[in-house]
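Chain identifiers are assigned alphabetically (A, B, ...) following the order of the sequence lines, protein sequences preceding nucleic acid strands; residue numbering begins at 1 within each chain. The structure presented is a predicted model; accordingly, all values stated were derived computationally and were not measured.
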Protein chains: 2
Amino acid sequence: MPAPKTRWKRRKEARPQELTAAALELFVERGFAATRLDEIAARAGVSKGTLYLYFESKEDLFKAVIREGLLPLLAEGEELMASMPGSASELFRAIVLRWWEIVGEGPIGGIPKLIFAEARNFPEIARFYADEVIERGKRLFVAVFQRGIDSGEFRPFDPQALVHIVISPLIMRVIWKHSLDCCGVTNVPIDAYLREYLDLTLRGLRRDPA
Amino acid sequence: MPAPKTRWKRRKEARPQELTAAALELFVERGFAATRLDEIAARAGVSKGTLYLYFESKEDLFKAVIREGLLPLLAEGEELMASMPGSASELFRAIVLRWWEIVGEGPIGGIPKLIFAEARNFPEIARFYADEVIERGKRLFVAVFQRGIDSGEFRPFDPQALVHIVISPLIMRVIWKHSLDCCGVTNVPIDAYLREYLDLTLRGLRRDPA
DNA sequence: CCTATATTACTGACCGGTCAGTTATATATA
DNA sequence: TATATATAACTGACCGGTCAGTAATATAGG
């Protein structure tokens, strides 16, 4: 096995993706301010100078991470919604479980924590996230609620007023996973958590037995 | 109007409290890493050197802030619980509303965001918070749930499994207040939020009409 | 096909600014 | 006056961002 004869390769296409991937991991682990560009570059197998060939500042890189991580996710979420028939309860259940599969298990799940933690220091990021992610996510759930209300499956309520409340336990769970979980502070096992969450929430939403 | 003839006073007793108060505000606003000790000292009307007479490091100050902010709060919470008669629903409602009064409106409410944001970088703080605050808080709600289950007011369920889920919307609300709210990203008005939260949750917990 | 020349992705040392923590000095109070 | 308390100038490490130079690749001419 000969030692590699080149110190590095030219890989213009792959670099940005590798850099945002490394950045996502580190930003989630340490937060925006505490993450060093040297370290991101090192994890991507590249030097800090190279990073500046592809992104014009640390904040620009941060934005790229958010965009790249979330836009595909949102697209998938919307396809899922459109293609799913059945009762509102089943739809809700399916969306929640799929959401956990993608967000809960993947590295993207670190983004909510990142956003809430850094929002005050980077307001324009927070607003971007609010417009592109939170607003679209809310529309999805509001549509599900409305389907259930229209069909008489759910009691009549204002879907807008309940979205935040209903999805809080999901967001909190993913924040927990990327903060306290990492310090050995455990939560209820995820299976039980999701089961009980769905049960509690659907009981709270369903129509009163007249 | 004469210039003040003394440049400063000796106020050994008052300093620590003034410093932790200033530190709480700034840590909540900016996060731990982004807060400058110079600025904390300035806000407390003192110099940075003075700060080091009372706290041995930035992290030590951070711990003091957490301790001082939370221990009295927990004490009050427990008194409240003990002194409150009535049905489990009413007890739950009262605790939640009182909690919002204290935590939601006061500066202490910034602490949860701070903890989740900094947990990975300061694991020993996270563990302290978990042991002293989260565990005690959970005990409170578990006791309420148990009262409701025993009296037949709530359906039978495992209180431990539901605590996290049930309190998530409260924690999320207070985190939101100290992050996205500050960037103009609004949430549902708090009155409606609490009303709908209580309604949804109590519907989810109550016994099935046989 | 070979090699000289041009191109550009990439490196890593460096700079200016920042900030936690220290210390020499000054002042208030007993 | 003695000393506890407070100040402010200082230090040294760190980090985002820059840039002169280097090495890998593309290509043109023989």
Residue pairs passing the salt bridge (charged side-chain N to carboxylate O under 4.0 Å, His left out) test where at least one lies in [range], sequence neighbours excluded:
| range | value |
| --- | --- |
| residues 48-71 of chain A | Asp38(A)-Lys48(A) |
| residues 14-24 of chain A | Arg11(A)-Glu18(A), Arg15(A)-Glu18(A) |
| residues 21-32 of chain B | Glu25(B)-Arg43(B), Glu29(B)-Arg43(B), Arg30(B)-Glu39(B) |

Q. Which pairs with one or both residues in residues 175-200 of chain A pass side-chain hydrogen bond (donor to acceptor under 3.5 Å, both in side chains), sequence neighbours excluded?
A. Asn187(A)-His164(B), Asp199(A)-Arg203(A), Asp199(A)-Arg155(B)
Q: Taking only heavy atoms on the protein side, list every residue of residues 20-42 of chain B lying under 4.0 Å from any atom of DNA chain C, sorted numerically.
A: Thr35(B), Arg36(B), Leu37(B)
Q | Residue-level proximity of residues 50-62 of chain A to DNA chain C when a heavy atom falls under 4.0 Å | A | Thr50(A), Leu53(A), Tyr54(A)
**Q.** Nearest-angstrom distance from the residue atom CZ of Arg15(A) to C1' of dA9(C)
**A.** 8 Å
(Q) Just to be sure I understand the rule, does Lys48(B) reach a base, reach only the sugar-phosphate, or reach nothing, if contact means heavy atoms closer than 4.0 Å? (A) base
**Q.** Residues which pass side chain to side chain contact (heavy atoms under 4.5 Å, CB included) with Pro123(A), listed by chain and number, not counting sequence neighbours
**A.** Arg127(A), Cys183(B)
**Q.** Set of residues satisfying side chain to side chain contact (heavy atoms under 4.5 Å, CB included) with respect to Leu114(A), sequence neighbours excluded
**A.** Phe27(A), Phe62(A), Glu118(A)
Q: Could you pull out all residues at least two apart from Arg10(A) that satisfy salt bridge (Lys or Arg N to Asp or Glu O under 4.0 Å)?
A: none
Q) For Glu79(A), which residues count as a salt bridge (Lys or Arg N to Asp or Glu O under 4.0 Å) partner, sequence neighbours excluded? A) none
Can you give me every donor-acceptor pair (side chain of residues 129-144 of chain B, partner residue at least two apart or in another chain, under 3.5 Å) with its distance?
{"from": "Arg136(B)", "atom 1": "NE", "to": "Glu78(B)", "atom 2": "OE2", "distance (Å)": "2.9"}
{"from": "Arg136(B)", "atom 1": "NH2", "to": "Glu78(B)", "atom 2": "OE1", "distance (Å)": "3.0"}
{"from": "Arg136(B)", "atom 1": "NH2", "to": "Glu78(B)", "atom 2": "OE2", "distance (Å)": "3.4"}

Q) Phosphate oxygens OP1/OP2 of dA26(D): is one of them under 4.0 Å from a side-chain N or O of Arg10(A)? A) no
Q: May I ask you to verify if any side-chain N or O of Arg11(A) is less than 4.0 angstrom from the OP1 or OP2 atom of dC10(C)?
A: no
Q) Between the two ends of the helix from dC1(C)-dG30(D) to dA30(C)-dT1(D), what is the bend in degrees, rounded to 10 degrees, where each end axis spans five pairs? A) 10°
Q. With side chains defined as the heavy atoms from C-beta onward, is the minimum distance between Ile149(B) and Leu205(B) less than 4.5 Å?
A. no
